[in-house]
Protein chains: 2
Amino acid sequence: MAMSETLKAISDPARRQILNLLKTGPQSAGDIAAHFDLKAATVSYHLKLLKEAGLISERREKNFIYYDLNASVFEEVLSWLYSLGAGENNDDKK
Amino acid sequence: MAMSETLKAISDPARRQILNLLKTGPQSAGDIAAHFDLKAATVSYHLKLLKEAGLISERREKNFIYYDLNASVFEEVLSWLYSLGAGENNDDKK
DNA sequence: ATTCTAGTTAGAAAGTTTTCGAAATAGGAG
DNA sequence: CTCCTATTTCGAAAACTTTCTAACTAGAAT
């Protein structure tokens, strides 16, 4: 199940912050690391997980690696959340 | 952030299965445990986490405890996913 | 009041995840 | 070719999670 990987990927706050940062456009690994209180090795580990989950893609240019968000992978998660009833009018019966 | 708790709660496959089961209506802790290859204590632990995240509510009746799904908590997660661009037409530029 | 049943809590073992420092790699620049 | 810079990989420590068994609580039934 791809969803398990997707959800694991976004269950970590550091990885969510990385995704939030990539909303504004592709960034190099170094740029990303500079935004956080984490060592480059740690950020690299998170980027690897996000990449494996298909949530980001990488592009090499010069000796930088640029990472870019790929939100299409969230479709399966959205469907599941809707199947549980998320997104409905949650009016109280009152 | 409530989202962190919500995402942690649904990042575990056992807990997702419990939520899937509760789609069909409230169930007692024992009924839930019976559906899985886990000891009652383990299921109780998962139910506690889901309850703390606000994803389920409990109702006591006789000496049973019935658990019920509360999907409204997913709204925040949905908004965040949409803010990342999930749910858009992911047509290739081709 | 004792006993039975449904479920929870406590504490420990096993497994997984996150973080880091140090060493390794991959290219571009000199 | 050697050096430099950006980033990854390795290996270990620390922190967290999941699961279990055993002991406990709450209430219903006798």
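Computed from a prediction, not measured in an experiment: that's the story for all the values here. The figures here come from the full heavy-atom set of this structure, side chains too, leaving out hydrogens, waters and symmetry mates. A, B, ... follow the sequence lines: proteins, then strands. Residue 1 opens every chain.
Residue contacts shown for A/Tyr67 are limited to sugar-phosphate atoms, with no base heavy atom under 4.0 Å away.
Classified by interplanar angle (parallel below 30°, tilted 30° to 60°, perpendicular above 60°), the ring pair A/Trp80/B/Phe74 is perpendicular.
For the pair B/Leu49 and B/Leu55, the minimum side-chain heavy-atom distance is 4.5 Å or more.
Cluster membership check: A/Leu19 shares its hydrophobic cluster with A/Val73, using side-chain heavy-atom separations under 4.5 Å among Ile, Leu, Val, Met, Phe, Trp and Tyr.
A straight line from CZ of A/Phe64 to P of C/dA29 spans 10 Å, rounded to a whole angstrom. For A/Leu47 and C/dT18, the CG to C1' distance is 14 Å, given to the nearest whole Å. Look at CD on A/Glu5: it is 11 Å from P on C/dT17, rounded to the nearest Å. Whole-Å rounding puts the A/Ile65 CD1 to C/dG28 C1' distance at 14 Å. In this structure, the NZ atom of A/Lys48 is 13 Å from the C1' atom of C/dT18, given to the nearest Å. Rounded to an integer number of Å, the gap from OH of A/Tyr66 to C1' of D/dT7 is 13 Å.
Side-chain contact annotation: B/Ser4 with A/Arg16, donor-acceptor N/O pair under 3.5 Å present. For the 3.5 Å distance criterion, the side chains of A/Ser57 and A/Lys51 fail to qualify, holding no donor opposite an acceptor.
The side chain of B/Ser28 places an N or O atom within less than 4.0 Å of a non-bridging phosphate oxygen (OP1 or OP2) of C/dG7.
Two residues, A/Glu61 and B/Asp31, neighbour DNA chain C, and the one matched to the more 5' nucleotide by heavy-atom proximity is B/Asp31.
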Whether each nucleotide of nucleotides 12-30 of chain D has a protein heavy atom under 4.0 Å at its base (B), only at its sugar-phosphate (S) or at neither (-) is summarised, 5' to 3', as -----SBBBB------SS-
Show your working on side-chain contact (heavy atoms from CB on, under 4.5 Å) between A/Tyr67 and A/Ile18 and close with a plain yes or no. CA-CA 10 Å; A/Tyr67 286 95; A/Ile18 292 172; over 6 Å; no
